[in-house]
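Notes to accompany the following structure.
Residue indices begin at 1 and follow the sequence shown. Both counts, for ligands and for their atoms, begin at 1 and track the order of listing. All figures in this text were calculated on a predicted structure; none of them were measured in a lab.
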Amino acid sequence: MKVTVVGAGAVGASCAEYIAIKNFASEVVLVDIKEGFAEGKAMDLMQTASLNGFDTKITGVTGDYSKTAGSDICVITSGIPRKPGMTREELIGINAGIVKTVSASLIEHSPNTIIIVVSNPMDTMTYLVHKSTNLPKNRIIGMGGALDSARFKYRLAEALEAPISDIDGMVIGGHSDTGMVPLTSHATRNSVKVSEFLSEERLEQVAADTKVGGATLTKLLGTSAWYAPGAAVSGLVQAIACDQKKMFPCSTLLEGEYELSDICIGVPVILGKNGIEKIVNIPLSDAEKAHMQASAEGVRKTNGLLEV
Ligand SMILES: NC(=O)c1ccc[n+]([C@@H]2O[C@H](COP(=O)([O-])OP(=O)(O)OC[C@H]3O[C@@H](n4cnc5c(N)ncnc54)[C@H](O)[C@@H]3O)[C@@H](O)[C@H]2O)c1
Ligand SMILES: O=C(O)C[C@H](O)C(=O)O
């Protein structure tokens, strides 16, 4: 199993590290545009192999896509992150060009690859990969919901004063400060609905904190987060590489599901060796349906800024 990660910055390196530590891939190739950067990150990570006990071979290259040839999975993290006070949507001007060029180079050398898009604004960048390549829809996956769901579970555990392993919950919708739809009505603590333990006001606070999860970290860190994003990507990569048939919310092209078409937005999907093997339709409350439609409007507005 060969995995390429483009962008050896904060998220790309974290993603490569988690993939290596989980020890399921034979090879990870890191690519960056900055001379020597990916090579340096790869060497540093390889020097953790004997300490962390993994056999994954990590190499780094500066813009040489021939070294990515035959990748089963390619992750795109290249592009600029936001600074405090910015929205993800403001990154479109620079990141759209990067994502378009990078996806073309990846497919040229790995025509059968599955692409995972991470660069922001992620739903629109995922849609851009659809519009600018000929890859079938099951092989284009946007990562956002897996991360947002991890943050939702963190906030629920905090509110419940419970261990995170007790909590289950999912966030669908657009990966943006206003577009996320935390599915509070479906969230549980050991199969008991969280609404049994928390007031409506407290649950609203949990949802609000979840939606601004990325902005909160950006304010604290001065740039956006990387540990949880890297871990979330590695979870998707592992589900595909190991044909796990696991369910994650991912951004995918909808064709009528959730009453939406011609848009990439986060919905539950089954991930296996073919990438997105199924889009799962789950019942939504009227309020969740309305949030999903409003979220889609936001994503469409950003998609409208694309020049494809
Ligand atoms: N979808 C998500 O959930 C999620 C989570 C976190 C970050 N992100 C996004 O991921 C992106 C990367 O974030 P980061 O914190 O790693 O940023 P970073 O600045 O640390 O790393 C980005 C890297 O991309 C490289 N790069 C730029 N143009 C390139 C090109 N054409 N080819 C190859 N490499 C190129 C840069 O040199 C840099 O090393 C940002 O757009 C950020 O908003 C998304
Ligand atoms: O917040 C950001 O801009 C980065 C990423 O989308 C995140 O949610 O951490």
Answer yes or no: does an N/O atom from [X] fall short of 3.5 Å to an N/O atom of ligand 1?
X	result
Ala225	no
Met143	yes
Asp32	yes
Lys34	no
Asn95	yes

Give me the residue, atom name and distance of the protein heavy atom closest to [atom].
atom	value
atom 22 (C) of ligand 1	Gly79 O, 3.3 Å
atom 40 (C) of ligand 1	Ile80 O, 3.2 Å
atom 28 (N) of ligand 1	Ile98 CD1, 3.6 Å
atom 5 (C) of ligand 1	Pro229 CB, 3.5 Å
atom 20 (O) of ligand 1	Ala10 N, 2.9 Å
atom 19 (O) of ligand 1	Pro81 CD, 3.6 Å
atom 35 (C) of ligand 1	Ser78 CB, 3.5 Å
atom 42 (C) of ligand 1	Asn120 ND2, 3.8 Å

Which atom pair, heavy atoms only, marks the closest approach of [X] to [Y]?
X	Y	value
Trp226	Val11	CB-N, 3.9 Å
Val5	Cys15	CG2-SG, 4.1 Å
Gly169	Ser149	O-CB, 3.9 Å

Between Ser234 and Lys22: side-chain donor-acceptor atoms closer than 3.5 Å:
yes
[atom1] ([X]) with more than 12 external heavy atoms under 6.0 Å:
X	atom1	value
Leu221	CG	yes
Lys57	NZ	no
Asn190	CG	yes

Contact between ligand 1 and Val118 is defined here as a heavy atom of the residue under 4.0 Å from a ligand atom; is it met?
yes
Identify whether the distance between the nearest side-chain nitrogen and carboxylate oxygen of [X] and [Y] falls below 4.0 Å.
X	Y	answer
Glu89	Lys301	no
Glu158	Arg155	yes
Arg88	Asp177	yes

Do Glu27 and Thr4 touch side chain to side chain, with heavy atoms closer than 4.5 Å?
no
Go through the structure and list residues passing side-chain hydrogen bond (donor to acceptor under 3.5 Å, both in side chains) with Asn23, not counting sequence neighbours.
none
Take Lys245 and Asp243 through the salt bridge (Lys or Arg N to Asp or Glu O under 4.0 Å) test and state the conclusion after the steps.
CA-CA 6 Å; Lys245 318 286 186 202; Asp243 195 23; 2.9 Å; yes
Output the list of atoms in ligand 1 that are nearer than 4.0 Å to some heavy atom of [X], sorted by atom number.
X	value
Leu91	43 (O)
Val6	33 (C)
Phe37	39 (O)

Would you mind writing out a table of all protein N or O atoms found under 3.5 Å from any N or O atom of ligand 2, naming both atoms and giving the distance to 0.1 Å?
{"unit_1": "ligand 2", "atom_1": "1 (O)", "unit_2": "Arg82", "atom_2": "NE", "d": "3.2"}
{"unit_1": "ligand 2", "atom_1": "1 (O)", "unit_2": "Arg82", "atom_2": "NH2", "d": "2.8"}
{"unit_1": "ligand 2", "atom_1": "1 (O)", "unit_2": "Arg88", "atom_2": "NH2", "d": "3.4"}
{"unit_1": "ligand 2", "atom_1": "3 (O)", "unit_2": "Arg82", "atom_2": "NE", "d": "2.6"}
{"unit_1": "ligand 2", "atom_1": "6 (O)", "unit_2": "Arg88", "atom_2": "NE", "d": "2.8"}
{"unit_1": "ligand 2", "atom_1": "6 (O)", "unit_2": "Asn120", "atom_2": "ND2", "d": "2.9"}
{"unit_1": "ligand 2", "atom_1": "6 (O)", "unit_2": "His175", "atom_2": "NE2", "d": "2.6"}
{"unit_1": "ligand 2", "atom_1": "8 (O)", "unit_2": "Arg88", "atom_2": "NH2", "d": "2.8"}
{"unit_1": "ligand 2", "atom_1": "8 (O)", "unit_2": "Arg151", "atom_2": "NH1", "d": "2.8"}
{"unit_1": "ligand 2", "atom_1": "8 (O)", "unit_2": "His175", "atom_2": "NE2", "d": "3.3"}
{"unit_1": "ligand 2", "atom_1": "9 (O)", "unit_2": "Arg151", "atom_2": "NH1", "d": "3.3"}
{"unit_1": "ligand 2", "atom_1": "9 (O)", "unit_2": "Arg151", "atom_2": "NH2", "d": "2.8"}

Does Asn138 use its side chain to pair, donor to acceptor, with the backbone of Asn274 at less than 3.5 Å?
yes
